[in-house]
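Order of the sequence lines sets the chain letters (A, B, ...), proteins ahead of strands, with each chain counted from 1. Not measured: the values here are computed from a predicted model.
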Protein chains: 2
Amino acid sequence: MKTEGTARYADMFAALGSEPRLQIVRLLLSAHPDGMIVSDIQAELGIPNSTLSHHLEKLRMEGLVSIKKDKQWLWYSTNAAALQDLLGFLYAECCTRSKVVKPVSITSAKARR
Amino acid sequence: MKTEGTARYADMFAALGSEPRLQIVRLLLSAHPDGMIVSDIQAELGIPNSTLSHHLEKLRMEGLVSIKKDKQWLWYSTNAAALQDLLGFLYAECCTRSKVVKPVSITSAKARR
DNA sequence: TTCATATTTCTAAAATACTAGAAATACCAA
DNA sequence: TTGGTATTTCTAGTATTTTAGAAATATGAA
């Protein structure tokens with residue numbers, strides 16, 4: 001078992017491990033690839049600006065989102081490479097390295113409840 | 001976007017979001033489906049028993065692992081249904097509901113670094 | 001230049017999580 | 001029943017996280 005990297009993946013999971021941050025990521029996935037500006041995220045989720053800013057910083061620190069500046073706005077968007085990395089890790093752990101989860105149960109899943 | 005369930009998935013991610021717990025899960029995936037007894041996990045990871053017990057309880061609370069008792073031993077094993085649920089959620093978010101990550105990049109990934 | 005908007009940073013309080021030694025409990029073997 | 005092993009629970013200290021009001025900064029518009 002490749003053990004190096006575990007700490008980094010744990011940190012990425014931790015970044016997704018709070019409801020506000022997971023909501024942010026889901027929202028940004030919906031808005032991909034343009035992303036969203038902070039005030040629109042705030043309007044959507046109703047999180048105070050300072051709190052939201054901290055959550056966005058944490059997601060950025062783990063590489064899950066990235067920023068592009070345009071005029072006075074910051075556009076946050078999900079980082080596809082990081083999500084692919086994390087999803088690939090979890091998939092490999094569950095479906096490849098171990099056979100705990102059947103691949104087809106993931107890829108052919110009906111619309112989620 | 002289905003928004004109910006976000007809190008639960010966030011909690012599951014949080015459970016994987018500390019290095020010791022992610023190590024535990026990886027170890028138990030290796031040992032699937034038998035699982036491992038606590039003292040063997042402890043021997044493998046070098047975590048004090050009380051600390052390890054708390055981590056295991058957290059994983060159990062989120063449904064990621066389950067217990068089977070045999071004589072004086074507790075066998076912990078990963079809960080396939082929960083992992084399938086979580087992996088399916090992440091896959092659906094990234095590959096189905098959004099098209100941020102290409103499915104083939106996950107399912108056909110070469111051995112991970 | 002002045003004003004308004006966007007966002008972060010400062011500050012700090014409250015809550016939660018992590019860690020682990022020591023004690024308690026459970027169970028089996030002899 | 002005695003002793004040993006397995007595991008949890010008790011207790012508690014420390015660290016981290018979450019939250020958010022207020023102030024600061026940045027930028028563009030008028």
Side-chain angles (χ1 to χ4, degrees), chain A residues 6-28 31 34-79, chain B residues 6-28 31 34-79:
Chain A
T6 303
R8 205 182 101 255
Y9 289 118
D11 286 343
M12 293 174 86
F13 282 131
L16 298 179
S18 92
E19 189 175 12
R21 283 196 299 271
L22 188 53
Q23 287 177 323
I24 292 167
V25 168
R26 296 191 76 187
L27 204 51
L28 293 180
D34 292 342
M36 291 173 73
I37 63 173
V38 177
S39 46
D40 284 349
I41 301 174
Q42 183 181 358
E44 192 74 35
L45 300 179
I47 300 172
N49 54 0
S50 61
T51 303
L52 179 55
S53 190
H54 286 311
H55 284 314
L56 288 169
E57 196 206 8
K58 179 140 195 172
L59 291 169
R60 195 169 53 80
M61 284 304 163
E62 299 309 328
L64 290 167
V65 306
S66 39
I67 301 187
K68 197 187 58 178
K69 189 156 196 176
D70 176 58
K71 298 189 175 165
Q72 68 265 61
W73 298 286
L74 283 178
W75 288 82
Y76 279 85
S77 53
T78 50
N79 182 347
Chain B
T6 303
R8 205 182 102 256
Y9 289 118
D11 287 342
M12 294 173 84
F13 282 130
L16 299 180
S18 90
E19 188 175 12
R21 283 196 300 271
L22 188 53
Q23 286 176 324
I24 292 166
V25 169
R26 297 190 76 188
L27 205 50
L28 293 180
D34 292 341
M36 292 173 73
I37 63 173
V38 178
S39 47
D40 285 349
I41 301 173
Q42 183 181 358
E44 192 73 34
L45 300 180
I47 300 173
N49 55 0
S50 61
T51 302
L52 178 55
S53 189
H54 284 135
H55 284 313
L56 288 169
E57 196 207 7
K58 180 141 196 171
L59 290 169
R60 194 168 53 82
M61 284 306 164
E62 299 309 328
L64 290 167
V65 306
S66 38
I67 300 188
K68 199 186 56 177
K69 189 156 196 178
D70 176 58
K71 299 189 177 167
Q72 67 264 61
W73 298 286
L74 284 178
W75 288 82
Y76 279 86
S77 53
T78 51
N79 182 345

| query | Shortest non-hydrogen contact from B:A10 to A:E19? | reply | CB-N, 3.6 Å

| request: Could you check which residues of residues 44-61 of chain A get a heavy atom under 4.0 Å from DNA chain D? Sort them by number, please. | output: A:P48, A:S50, A:T51, A:H54, A:H55, A:K58

| In a check of side chain to side chain contact (heavy atoms under 4.5 Å, CB included) between A:L56 and each of A:I67, A:I24, A:L74, which one passes? | A:I24

| task | Compare every heavy atom of B:H55 with every heavy atom of B:S18, then report the nearest pair and how far apart it is. | result | OG-CE1, 4.2 Å

| message | Check this one for me: any side-chain N or O of A:Y76 less than 4.0 Å away from OP1 or OP2 of C:dA6? | response | no

| task | Output yes when at least one side-chain N/O atom of A:K69 is less than 4.0 Å from OP1 or OP2 of D:dT27, else no. | result | yes

| request: Would you indicate, yes or no, if C:dT5 has its OP1 or OP2 atom less than 4.0 angstrom from a side-chain nitrogen or oxygen of A:K71? | output: no

| message | Whole angstroms only, please: what is the CD1-P distance between A:I67 and C:dT7? | response | 10 Å

| Test item: B:V38 and B:N49 side chains (from C-beta on) under 4.5 Å apart, heavy atoms | no

| For B:S66, all residues meeting side chain to side chain contact (heavy atoms under 4.5 Å, CB included), sequence neighbours excluded | B:S77, B:N79

| Per A:S39 side chain, nearest of listed nucleotides D:dG28, C:dT7, C:dC18 | C:dT7

| task | Please state whether the phosphate of C:dA17, meaning OP1 or OP2, lies under 4.0 angstrom from any side-chain nitrogen or oxygen of B:R21. | result | no

| request: Compare all side-chain heavy atoms of B:I41 with those of B:L28 and state whether any distance is below 4.5 angstrom. | output: yes

